[in-house]
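First up is the structure itself, then whatever we jot down about it.
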Amino acid sequence: MPAQLLDGKTLSNKIREDLRLRVEALRSRSCVPRIEAIVAAQDPASLAYVRMKRSWAEKAGIESGSFEVNDSTHQDAVLEHVWRLNQDAAVSGVLIQHPLPSHIDEEACLEALDPSKDVDGITPTSLGRLTSGLPGFRCATPMGIMMLLDHYGIECQGKNAVVIGRSVILGKPAALMLLEKNATVTIAHSKTAELPALVKTADIVVAAVGRAEMVKGSWLKPGAVVIDAGYNKVEGRDKDVGDCEFESCAQVASWITPVPGGVGPMTVASLLENTVRAAEVGLQGA
Ligand code: NAP
């Protein structure tokens, strides 16, 4: 029987509606949540992602702004902007959209960001707090994945999970969050031997690779849950595709995320959830 869909689009719409109500409550207390993005001016994909995130934010009643970094923007100017945002009480959260232009030290910008405004959950402090099991903002894409699993009642405890990819923003934090839910986790990467055989052992597969349709249905254990975080452009195809070959995987899996409409919208929902929470925490602390 074909897999059931883990529908991130529908769930994210519901989350956005819930957030809109929380934003209304904040606004009634004169607190307007605001997210500020820092983005490469000459990167059309980054600009499109930020435009989409800002449009979603505004539909939930969250204000937004952005600072575009171009090839002549000095590193100090970006750092000064981060420090200004840290100090600005009207700013709830800051999104540093990867990648910034190559002459900018992105790590230094992340280190400079106040962790209480790190709504994308990717500063070393936020990632360290996740590793230590301490409260803090969780990284948006894996947080969205966990919200999706939770919403569909997919139990992680005692399951074998294989995460393919070890990036700091996706693979590693996804593995830590699955571990936090008592899954037994293996992280695979480009040097992993016998990847199809390893994937065959997994009850839950998270593909976070960036290689179009790499994971085939024949790699999967029957009934596996497949989370496809990949988002790849393929020449000659009008639709972006994931890291899993949807048609063959859906024949073997029990649950699968579509691309688009799975992990992508859940990433934005997580970012906005963190932004609203930052505003709520700020109001309590005021
Ligand atoms: P990344 O930083 O390029 O990391 C890719 C990871 O995949 C690396 O750890 C790499 O291993 C591993 N890898 C590459 N080739 C492999 C192979 N043949 N077998 C096994 N592992 C392999 O990418 P990322 O930023 O994590 O993004 C991964 C994908 O998710 C991309 O398609 C991206 O567009 C998508 N993404 C989606 C969202 C969303 O909101 N939906 C958000 C972020 C990213 P090494 O470490 O050994 O190089």
Side-chain angles (χ1 to χ4, degrees), residues 6-9 11-12 15-16 37 39-40 43-57 95-100 102 106-107 110 119-122 127 138-149 161-178 185-202 205-216 219-220 226-234 237 239-246 256-274:
L6 294 162
D7 180 353
K9 192 170 172 208
L11 178 57
S12 62
I15 293 169
R16 193 170 57 191
V39 59
D43 182 338
S46 291
L47 289 173
Y49 284 139
V50 166
R51 241 192 329 272
M52 188 252 296
K53 288 168 182 174
R54 289 186 61 188
S55 147
W56 271 55
L95 162 71
I96 297 178
Q97 180 72 44
H98 171 79
L100 291 180
S102 56
E106 211 169 296
E107 283 307 315
L110 288 169
V119 289
D120 210 18
I122 56 171
L127 292 166
R138 297 308 191 223
C139 198
T141 303
M143 175 177 160
I145 291 173
M146 299 313 289
M147 282 160 63
L148 206 46
L149 290 173
V162 171
V163 179
I164 317 172
R166 56 176 164 181
S167 72
V168 170
I169 59 148
L170 216 175
K172 279 182 195 164
L176 287 165
M177 289 183 206
L178 286 161
V185 185
T186 308
I187 305 179
H189 46 78
S190 66
K191 309 293 184 292
T192 296
E194 309 291 347
L195 183 61
L198 178 66
V199 171
K200 201 77 169 182
T201 65
V205 180
V206 177
V209 189
R211 288 183 182 258
E213 301 180 323
M214 185 185 84
V215 177
K216 312 293 181 199
W219 294 20
L220 299 175
V226 176
I227 306 290
D228 189 349
Y231 206 70
N232 309 290
K233 293 216 172 301
V234 179
R237 304 258 293 261
K239 200 170 143 259
D240 293 334
V241 299
D243 291 340
C244 301
E245 188 181 65
F246 185 84
I256 189 167
T257 52
V259 177
V263 174
M266 290 305 298
T267 299
V268 188
S270 306
L271 180 74
L272 301 186
E273 160 70 36
N274 283 343

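Both counts, for ligands and for their atoms, begin at 1 and track the order of listing. Worth knowing before you read on, the calculation uses all heavy atoms, side chains too, and leaves out hydrogens, waters and symmetry mates.
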Please answer whether the main-chain N or O of Ala229 pairs with a side-chain N or O of Asp243 as donor and acceptor at a distance below 3.5 Å. no

Between the side chain of Ser55 and the main-chain N/O of Arg51, is any donor-acceptor distance below 3.5 Å? no

Do you know which of Val199, Leu198, Val226 makes side chain to side chain contact (heavy atoms under 4.5 Å, CB included) with Trp219? Val199

Can you pull the residues with any heavy atom under 4.0 Å from ligand 1? Thr141, Ile164, Gly165, Arg166, Ser167, Ile169, Leu170, His189, Ser190, Leu195, Ala208, Val209, Gly210, Arg211, Met214, Ala229, Gly230, Tyr231, Asn232, Val263, Gly264, Thr267

Report the residue from Thr257, Ile256, Val259 that forms a side chain to side chain contact (heavy atoms under 4.5 Å, CB included) with Phe246. Ile256

Between Val241 and Ala212, which heavy-atom pair has the shortest distance, and what is it? CG2-CB, 3.6 Å

Give me the atom names and distance for the closest heavy-atom approach of Ala202 to Val205. CB-CG2, 3.7 Å

